[in-house]
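Below is one structure; the comments refer to it alone.
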Amino acid sequence: MEYTTLGDTGTRVSRLCFGTWRFGKESDGTVETDRDEAHELLDACWDHGINFIDTANVYGDPNGTSERWIGEWLEDRGHHREDLVLASKVYFPFDGRGEPGPNDSGLGRKHIRAQIEGTLERLGTDYLDLYYIHRWDENTPIRETMRTLTELVREGKVHYLGASSMAAWKLTKALWTSDAEGLERFDVTQPMFNAADTDDVGDYLEVCADQDLAVCPYSPLAGGFLTGKYERADDGSVVAPDGSRGTLSDLFEDRYTSETAWDVLEAVESVAEEVDATPAQVSLRWLMEQDRFTCVPIVGARTPDQLAENAGAVEVELGDDQFERIEDARGADDAGYR
């Protein structure tokens, strides 16, 4: 495994982060990843040197299940807490103690304070390495949110702060508020960013590059589209293997399979053949080699074999021409933004 410094922090993480949003998640009455499977995947992370684990207070049914299973794995295996970098999130309504009440969501002081205590208890730890706001809260002044998060850092309950999806101007506003008031600032971001999804995130990524924020993108393989397992029918629709995400979500085609996305997949598959790697490995390596900011993709492998394939991305080398061919297929501008 390769390791890198997480943006402008002093913490080193594996070049891949493992996402646990499927842990305990029920879809049509079926648990996508049960407790035994979750622990098997965490074992595989450990074996491959992946030390960066991403979760959230609302992952799993009921909410909190993912965090609890991670905490149980740590205790069962006897791994040292200092050997792992744990990240969680706060914002969405939390149903882990029953029907959410009026203060069981958002980024107000009351909700953040309650949720950090629950997160730490479920994970079985005294602190989080990284605490994200899961979304922007329109109803709470960002000053209150940043002050509360700053208190958590200064109390030692959180090391670094992160922000997930939001508009670029909101991220800028939060950073300005922190700087103007002497508060802790965001060091890490978590947008949806991959080679195939060419929705305009350029402004957001420009802020990250300018402010030396690490980028930990979710859905780095475009929901599985960039693994190469999907095909295009004559009528332009997506032909998906049974049980794959393309057959499970009506949003799949709209989100991931634009005309540009098929061009990107063609470029990725061509490069993969040249470097003797899989399309998934090339797609992950393309993200890792972003030179404007530290980029650590969050992978959500369902099986140890998939995780092993993902981990193999660290061994892939892309030449400048190969990297640029993928960029060109995306329609990126001279600065690399789409």
Side-chain angles (χ1 to χ4, degrees), residues 6-9 11 13-14 16-23 51-60 63-64 66-67 70 84-94 96 104-109 111-120 122-123 125 127-138 140 142 144-153 155 157-168 170-175 177-178 183-193 201 204-205 207-208 211-220 293-300:
L6 190 61
D8 199 28
T9 77
T11 294
V13 296
S14 47
L16 291 173
C17 176
F18 181 62
T20 63
W21 71 276
R22 287 197 184 95
F23 286 12
N51 72 340
F52 193 8
I53 308 297
D54 180 87
T55 187
N57 63 332
V58 294
Y59 288 172
N63 295 164
S66 175
E67 291 177 330
I70 294 169
L84 292 169
V85 177
L86 298 180
S88 193
K89 309 179 189 74
V90 62
Y91 169 76
F92 287 111
F94 180 80
D104 283 337
S105 64
L107 298 176
R109 178 173 279 105
H111 185 234
I112 291 175
R113 280 287 184 178
Q115 290 308 308
I116 188 63
E117 296 302 331
T119 286
L120 295 178
R122 289 186 291 272
L123 288 170
T125 183
Y127 71 94
L128 278 180
D129 295 282
L130 175 59
Y131 203 28
Y132 288 99
I133 61 168
H134 215 155
R135 291 293 187 272
W136 182 270
D137 185 353
E138 300 286 356
T140 301
I142 189 60
E144 176 177 335
T145 298
M146 299 313 299
R147 282 178 175 171
T148 305
L149 294 173
T150 294
E151 291 167 3
L152 299 184
V153 173
E155 292 167 9
K157 293 182 178 180
V158 172
H159 283 173
Y160 303 110
L161 305 178
S164 190
S165 300
M166 65 181 66
K170 294 178 179 178
L171 177 59
T172 303
K173 180 178 180 179
L175 294 169
T177 299
S178 293
L183 303 174
E184 298 292 328
R185 73 201 315 262
F186 295 127
D187 288 300
V188 186
T189 62
Q190 190 177 127
M192 187 171 78
F193 174 45
V201 293
Y204 187 95
L205 295 178
V207 175
C208 296
Q211 296 294 306
D212 202 11
L213 307 182
V215 177
C216 296
Y218 68 91
S219 197
F293 40 73
T294 305
C295 190
V296 181
I298 301 173
V299 296

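Each residue takes its place number in the sequence, starting with 1. Values in this document were obtained by computation on a predicted structure and should not be read as measured data.
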Minimum side-chain heavy-atom gap [X]-[Y] below 4.5 Å:
| X | Y | answer |
| --- | --- | --- |
| Phe186 | Gln211 | no |
| Ile112 | Leu149 | yes |
| Leu171 | Trp136 | no |
| Leu161 | Met146 | yes |

What heavy-atom pair brings [X] and [Y] nearest, and what distance separates the two atoms?
| X | Y | value |
| --- | --- | --- |
| Asp137 | Leu107 | OD2-N, 2.8 Å |
| Val58 | Pro93 | CG1-O, 3.5 Å |
| Pro220 | Pro217 | CD-O, 4.0 Å |

side-chain hydrogen bond (donor to acceptor under 3.5 Å, both in side chains) with [X]: which residues, sequence neighbours excluded?
| X | result |
| --- | --- |
| Glu144 | none |
| Gln190 | Asp54, Tyr132 |
| Thr20 | Thr55, Ser66 |
| Thr150 | none |

Partners passing side chain to side chain contact (heavy atoms under 4.5 Å, CB included) against [X] (at least two apart in sequence or in another chain):
| X | result |
| --- | --- |
| Ala168 | Asp203, Tyr204, Val207 |
| Tyr127 | Arg81, Glu82, Thr125, Asp129, His159 |
| Ala214 | Leu6, Val188, Thr294 |
| Ser14 | Met1, Tyr3, Ile50, Asn51, Phe52 |

If you measure from [atom1] on [X] to [atom2] on [Y], what distance do you get to the nearest 0.5 Å?
| X | Y | atom1 | atom2 | answer |
| --- | --- | --- | --- | --- |
| Glu67 | Ser88 | CD | OG | 3.5 Å |
| Tyr91 | Ser165 | OH | OG | 12.0 Å |
| Lys173 | Ser178 | NZ | OG | 12.5 Å |
| Leu120 | Leu128 | CG | CG | 5.0 Å |
| His111 | Asp104 | NE2 | CG | 5.5 Å |
| Glu184 | Thr148 | CD | OG1 | 13.0 Å |

Test side chain to side chain contact (heavy atoms under 4.5 Å, CB included) on Leu213 and Phe293 and set out the steps. CA-CA 7 Å; Leu213 307 182; Phe293 40 73; over 6 Å; no
His134 side chain to Phe92 backbone, donor-acceptor under 3.5 Å: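 No.
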Using salt bridge (charged side-chain N to carboxylate O under 4.0 Å, His left out) as the criterion, list what pairs up with [X], not counting sequence neighbours.
| X | result |
| --- | --- |
| Asp187 | none |
| Arg113 | Glu151, Glu155 |
| Arg135 | none |

So, Lys157 versus Tyr131: side-chain donor-acceptor pair below 3.5 Å or not?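 No, Tyr131 and Lys157 have no side-chain donor paired with an acceptor closer than 3.5 Å.
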Decide side chain to side chain contact (heavy atoms under 4.5 Å, CB included) for Arg122 and Asn57; before the verdict, give the C-alpha distance in whole Å, the side-chain angles of both, and the deciding distance to 0.1 Å. CA-CA 9 Å; Arg122 289 186 291 272; Asn57 63 332; 3.9 Å; yes
Any residue meeting ring pair (Phe, Tyr, Trp, His ring centres under 6.0 Å) with Phe94, in chain and number order, not counting sequence neighbours: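 Phe94 satisfies ring pair (Phe, Tyr, Trp, His ring centres under 6.0 Å) with no other residue.
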Kindly indicate, with the supporting measurements, whether the criterion side chain to side chain contact (heavy atoms under 4.5 Å, CB included) is fulfilled by Val215 and Leu205. CA-CA 8 Å; Val215 177; Leu205 295 178; 4.3 Å; yes
